Amino acid sequence: MMIVTDKMHIGIIGILLGMYLKVQADCEPYIILIREEERCLHELRLHNVSKTPQPDCKGMWDHLNCWSPAFVGETASQNCPNFFKSEGKVDRNCTDTGWTDPFPPYEHACFNETFHLLGESHDSHMYFPYVKTMYTAGYALSLISLTIAITILCLFRKLHCTRNYIHIQLFVSFILRATFIFIKDSVLFTDEDFYHCDDYPAVCKLVVMFSNYCIMANYSWLLVEGHYLHTLVSLSFFSKKKHLWWYIILGWGLPMIVIVSWGLAKYFYEDEGCWETRVHDWVWWILRLPVLLFIIINLVFFLSIIRILVGKLRMPDMHGNEFSQYKRLTKSTFLLVTLFGLYYILFAFLPIKVSGLTYKIWTFVELALASTQGFGVAVLYCFLNGEVQYEVQRRWRRWRLKQHLHREPRQHGSMSQSVSPLTQVSLLPCSGPASLA
């Protein structure tokens, strides 16, 4: 009977310990238990080889505590393991038939707080799958729309210019960001048993590292967009090709320096888990500080752009066509400020420690906006762009005209001479204020 109840007791401990460890963020309890078991067995072996009288109840390890040998009638007491954060105690009596079962049972003495913690985490376990589904759909929408936008900008040669080259780089950064979000989720959340304690493969850490690089590059190219637009409205002439190469170095090179610095800091000072945790704040600030600088500088650029455009719109000698161009540019700039400036400023300064409903709402809104931002950029920079719409419509009309002419009889071939001039409308220049609207 003792063997059966002891097996049942061990089974309960295993179930409860497993439930508890799923709530915890690390593997410290497992490591502690392994070390405690080794220490316990070592002490028991030393006691067995000693010449002291052999006790009636042999010492044992019950998977949570070490019980020293005792004689009949003695009562042994042990505190709950420290990682349970409980002040409870468990007792055993030494009888003629051996050790009694622990009283009160472990699940009553040590796990009450754990059950409370599990109850609080139940809502979180229901909440996060919905959030993950939401931002997965958002990133998928952004990925599809950005791919279409890049295809359009690359397919039509008349859309090839410095401004659209910068847009393409921004689109690529959003695509990489979404792609590595999917890869990181597949690596981190596929199977909980794939990783055991601190045994994380290097590929897991590399995925997190490249995911952070893509996010950093995304912020960097948003800064490039802000600087280019500011330069375009503030300077009458500048070398766009020369600026493009500097932009490429800034957009892809600067984030690489930051990520390498962060990776070295993680490797030497915080090589824990899959590098997705945050223990030392200064390591986390290696990523956070450049992002905050990008956001603040970009917001300054956009505010300066608005000031310049409003000043030009108030000029008395503004001609009608020129006034219309700057009015459209002002409208686009306000959209950009809303899209890139206010959104990032709002979420960049979220307090590090928030809890409860505030955290859930904040996280949901932030992830919803972040996951669909690529879609918004594709719509604003490509699908609603006047040049893009004109070029697509022109190509569509040309294709429809060719299909129509192929169906016409040969005797009506002279119609092509009268219709062809309609397709020769000159395209607006790719650069210039009007094209930005």
Side-chain angles (χ1 to χ4, degrees), residues 1-115 117-118 192-202 204 267-274 277 279-280:
M1 181 66 180
M2 179 65 66
I3 296 177
V4 175
T5 57
D6 196 49
K7 286 184 177 180
M8 291 176 60
H9 164 67
I10 293 175
I12 294 175
I13 291 177
I15 294 174
L16 294 176
L17 184 60
M19 293 172 63
Y20 177 80
L21 293 177
K22 286 182 182 295
V23 180
Q24 301 302 307
D26 51 41
C27 289
E28 182 181 2
Y30 280 124
I31 298 175
I32 293 176
L33 289 178
I34 291 174
R35 293 174 180 172
E36 288 295 320
E37 182 181 8
E38 292 176 353
R39 183 187 62 81
C40 177
L41 296 179
H42 176 70
E43 292 179 357
L44 294 178
R45 282 194 297 268
L46 292 178
H47 187 276
N48 290 334
V49 298
S50 64
K51 297 181 180 180
T52 57
Q54 294 298 319
D56 300 304
C57 297
K58 296 182 179 180
M60 68 173 184
W61 168 257
D62 68 352
H63 302 281
L64 284 178
N65 276 319
C66 185
W67 298 90
S68 301
F71 293 95
V72 173
E74 291 184 346
T75 299
S77 179
Q78 294 286 352
N79 294 323
C80 292
N82 293 331
F83 52 78
F84 286 125
K85 298 179 181 179
S86 174
E87 297 180 356
K89 291 186 177 181
V90 177
D91 299 328
R92 285 180 186 267
N93 289 331
C94 180
T95 64
D96 294 334
T97 57
W99 289 107
T100 62
D101 291 338
F103 61 92
Y106 277 109
E107 56 267 28
H108 294 159
C110 304
F111 287 88
N112 288 333
E113 297 181 8
T114 302
F115 285 137
L117 182 61
L118 287 169
E192 294 181 359
D193 297 330
F194 180 74
Y195 307 107
H196 180 69
C197 293
D198 292 329
D199 186 19
Y200 286 81
C204 175
Y267 180 77
F268 288 108
Y269 299 100
E270 200 177 273
D271 190 14
E272 300 178 5
C274 198
T277 57
V279 178
H280 302 293

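Note that the numbering runs from 1 along the sequence shown for the chain. Every value quoted in this text rests on a predicted model; they were computed, and no experiment measured them.
For the pair Pro104 and Val90, the tightest heavy-atom approach, listed with the atom from each and the gap, is O-CG1, 3.8 Å. Contact detail for Cys94 and Ala70: the closest heavy-atom pair is SG-O, 3.6 Å. The two atoms that bring Ala76 and Trp67 nearest to each other are O-CZ3, 3.5 Å, heavy atoms only. Residues Phe71 and Pro55 come closest through the heavy atom pair CE2-CA, 3.5 Å.
Every residue meeting the side-chain hydrogen bond (donor to acceptor under 3.5 Å, both in side chains) condition with Asn93, not counting sequence neighbours, appears here in chain and number order: Thr75. In terms of the side chain to side chain contact (heavy atoms under 4.5 Å, CB included) criterion, Lys58 has no residue partners (sequence neighbours excluded). Contacts of Gln78 classified as side-chain hydrogen bond (donor to acceptor under 3.5 Å, both in side chains), with partners at least two apart in sequence or in another chain: none. The side-chain hydrogen bond (donor to acceptor under 3.5 Å, both in side chains) search around Glu43 returns Arg39, not counting sequence neighbours. Partners of Asp271 under the salt bridge (charged side-chain N to carboxylate O under 4.0 Å, His left out) rule, at least two apart in sequence or in another chain, are Lys205. Qualifying ring-ring contact (aromatic ring centres under 6.0 Å, His included) partners for Phe103, counting only residues two or more places apart in sequence or in other chains: none. Applying the side chain to side chain contact (heavy atoms under 4.5 Å, CB included) criterion to Glu38, with sequence neighbours excluded, gives Ile34. Checked against side-chain hydrogen bond (donor to acceptor under 3.5 Å, both in side chains), Trp61 has no partners two or more places apart in sequence or in another chain.
No more than 12 heavy atoms of other residues, nucleotides or ligands sit less than 6.0 Å from atom OH of Tyr269.
At a threshold of 4.5 Å between non-hydrogen side-chain atoms, the residues Val72 and Cys57 do not count as touching.
Taking CD from Glu74 and OG1 from Thr95, the interatomic distance works out to 12.5 Å, rounded to the nearest 0.5 Å. The distance from the OG atom of Ser68 to the CG atom of Leu44 is 7.0 Å, given to the nearest 0.5 Å.
At least one donor-acceptor pair closer than 3.5 Å links the side chain of Asn65 to the backbone N or O of Asn79.
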Item to complete: Given salt bridge (Lys or Arg N to Asp or Glu O under 4.0 Å), test Asp62 with Arg92 step by step and report yes or no.
Response: CA-CA 11 Å; Asp62 68 352; Arg92 285 180 186 267; 3.2 Å; yes
